[in-house]
Amino acid sequence: MVLTETEMTRLWLLRKGYEPLRSDCRISRSDGADLLQAARTECRLWYEDLLLHGPLDALEIEDIKDRDDLLISATLLSSSIVTLPPDCIRVAAVKLRSWHAPAEIVPGDSPLGRLQYAAYASGGPVSPVAVLLPGNRLELFSNTYENSDTLEYLLCVLRPVPDEEGAPLYRFRPSALSLL
């Protein structure tokens with residue numbers, strides 16, 4: 001489901017009880033507040049929060065493993081670093097072809113994230129770990145990493161490209177409407 005800013009604002013006003021207005025009364029404000037602009041701002045904040053923290057089953061997720069702007073480099077620690085494209089907001093799942101399961105994705109400052117730098121405690125092909133690093137990077141740990149190993153999939157939540165006028169587009173699954 002893809003909505004323009006106007007469509008999303010109208011839906012927001014409808015779901016929040018501002019519209020449709022009663023036909024037997026007229027509402028006016030004397031404080032100069034712009035209800036439409038306030039609703040647009042609320043929509044944008046809600047959508048940013050949905051992209052960053054919302055349930056993955058409510059979001060459109062794309063496999064970006066074949067994108068040209070995806071950089072993958074090997075390290076000396078039996079790991080590889082994936083530099084994610086700028087429009088990648090959140091990593092949903094990642095798996096290398098040599099792994100038996102998708103990686104558990106953890107922040108770099110978490111105990112499990114720090115543990116990956118110990119030789120005998122890092123994730124292997126049975127229980128791989130991907131660590132999110134600053135600079136929109138993802139380090140994939142596997143003690144059987146080979147230079148020929150490739151991504152099987154890299155599922156991400158991407159920021160939608162704005163429309164022709166630069167207004168945001170809202171892209172999500174219909175189940176996200178229950179979170180309004």
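In this chain, numbering begins with 1 at the start of the sequence shown.
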Colleague: Between Glu139 and Tyr117, do the side chains contain a donor N or O and an acceptor N or O under 3.5 Å apart?
Modeller: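 Checked: Tyr117/Glu139 side chains pair up, N/O donor to acceptor below 3.5 Å.
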
Colleague: Please report the closest heavy-atom contact between Ser175 and Ala58, naming both atoms and the distance.
Modeller: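 Result for this residue pair: OG-CA, 3.6 Å.
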
Colleague: Are the side chain of Tyr47 and the backbone N or O of Arg171 linked by a donor-acceptor pair below 3.5 Å?
Modeller: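 Checking the backbone N and O of Arg171 against the side chain of Tyr47, a donor-acceptor pair under 3.5 Å is found.
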
Colleague: Might you point out which heavy atoms bring Thr4 and Glu7 nearest each other, and give the distance in Å?
Modeller: N-OE1, 2.9 Å

Colleague: I need the minimum non-hydrogen distance between Pro128 and Ala101, along with the two atoms involved.
Modeller: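 Reported closest heavy-atom pair: CG-O, 3.4 Å.
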
Colleague: Could you report the tightest heavy-atom contact between Leu180 and Lys16, atom names first, then the distance?
Modeller: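 Closest pair (atom of Leu180, atom of Lys16, distance): C-NZ, 3.7 Å.
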
Colleague: Do Ile81 and Leu71 make a side-chain contact, defined as non-hydrogen atoms from C-beta onward lying under 4.5 Å apart?
Modeller: no

Colleague: So do the side chains of Arg173 and Met1 get within less than 4.5 Å of each other, counting heavy atoms only?
Modeller: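 No. Closest side-chain heavy atoms not under 4.5 Å.
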
Colleague: Report the distance from atom CZ of Arg90 to atom CG of Leu84, rounding to the nearest 0.5 Å.
Modeller: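 Reported to 0.5 Å precision, the distance equals 14.0 Å.
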
Colleague: Linking I/L/V/M/F/W/Y whenever their side-chain heavy atoms sit closer than 4.5 Å, directly or via other members, would Met8 and Leu158 fall into one cluster?
Modeller: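 No; tracing contacts between hydrophobic side chains, which count when under 4.5 Å, never links both residues.
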
Colleague: Got Thr9 and Leu11 here, is their nearest side-chain heavy-atom distance under 4.5 Å?
Modeller: no

Colleague: How close do Arg114 and Gly108 get, counting heavy atoms only, and between which atoms?
Modeller: CG-O, 3.7 Å

Colleague: Do any N or O atoms from the side chain of Arg44 and from the backbone of Pro168 form a donor-acceptor pair under 3.5 angstrom?
Modeller: no

Colleague: For the pair Thr41 (side chain) and Gln37 (backbone), establish whether a donor and an acceptor sit closer than 3.5 Å, ignoring hydrogens and angles.
Modeller: yes

Colleague: How long is the gap from SG on Cys156 to CD1 on Ile64, to the nearest 0.5 Å?
Modeller: 3.5 Å

Colleague: What's the separation between atom CG in Leu154 and atom CG in Leu138, rounded to the nearest 0.5 Å?
Modeller: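 It comes to 7.0 Å.
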
Colleague: For Phe141 and Trp99, I'd like to know if the aromatic rings sit close, meaning centre-to-centre distance below 6.0 Å.
Modeller: no

Colleague: Compare all side-chain heavy atoms of Phe172 with those of Leu3 and state whether any distance is below 4.5 angstrom.
Modeller: yes

Colleague: What distance do Arg67 atom CZ and Leu151 atom CG have between them, rounded to the nearest 0.5 Å?
Modeller: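 Interatomic distance, Arg67 CZ to Leu151 CG, rounded to 0.5 Å: 13.0 Å.
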
Colleague: Tell me whether Leu14 is reachable from Val2 by hopping between hydrophobic residues (I, L, V, M, F, W, Y) whose side-chain heavy atoms are closer than 4.5 Å.
Modeller: no

Colleague: Working to the nearest 0.5 Å, report the span between CD1 of Ile89 and CG of Leu51.
Modeller: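 Answer for the CD1-CG pair, Ile89 versus Leu51, is 4.5 Å.
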
Colleague: If you look at every heavy atom in Ala130 and Val94, which pair is closest and at what distance?
Modeller: CB-CG1, 3.8 Å

Colleague: Please lay out, stage by stage, how Arg159 and Glu48 fare under the test salt bridge (charged side-chain N to carboxylate O under 4.0 Å, His left out).
Modeller: CA-CA 9 Å; Arg159 182 177 309 283; Glu48 283 295 319; 2.6 Å; yes

Colleague: Between Ser122 and Gln116, is any side-chain donor less than 3.5 angstrom from a side-chain acceptor?
Modeller: no

Colleague: Could you check whether any side-chain heavy atom of Leu155 comes within less than 4.5 Å of a side-chain heavy atom of Pro102, counting everything from C-beta outward?
Modeller: no

Colleague: To the nearest 0.5 Å, what is the distance between CZ (Arg10) and OG1 (Thr6)?
Modeller: 6.5 Å

Colleague: Could you give me the CA-CA distance, side-chain angles and deciding distance for Glu152 and Lys65, then say whether side chain to side chain contact (heavy atoms under 4.5 Å, CB included) is met?
Modeller: CA-CA 7 Å; Glu152 186 171 323; Lys65 70 174 168 71; 5.9 Å; no

Colleague: Answer with yes or no whether the hydrophobic clustering places Leu52 together with Leu50; edges join I, L, V, M, F, W, Y residues whose side-chain heavy atoms lie under 4.5 Å apart.
Modeller: yes

Colleague: For the backbone of Pro85 and the side chain of Asn136, can you confirm whether one donor and one acceptor N or O come within less than 3.5 Å of each other?
Modeller: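 It does hold such a pair.
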
Colleague: Side chains of Leu140 and Leu96, heavy atoms from C-beta outward: is any pair under 4.5 Å?
Modeller: yes

Colleague: If you measure only the distance, is there a donor-acceptor pair under 3.5 Å linking the side chains of Arg97 and Thr150?
Modeller: yes

Colleague: Is Leu177 reachable from Leu13 through a run of I, L, V, M, F, W or Y residues, each pair having side-chain heavy atoms under 4.5 Å apart?
Modeller: no

Colleague: If Ile, Leu, Val, Met, Phe, Trp and Tyr residues are connected whenever their side-chain heavy atoms lie under 4.5 Å apart, and connections chain through other members, are Tyr153 and Val157 in the same group?
Modeller: yes

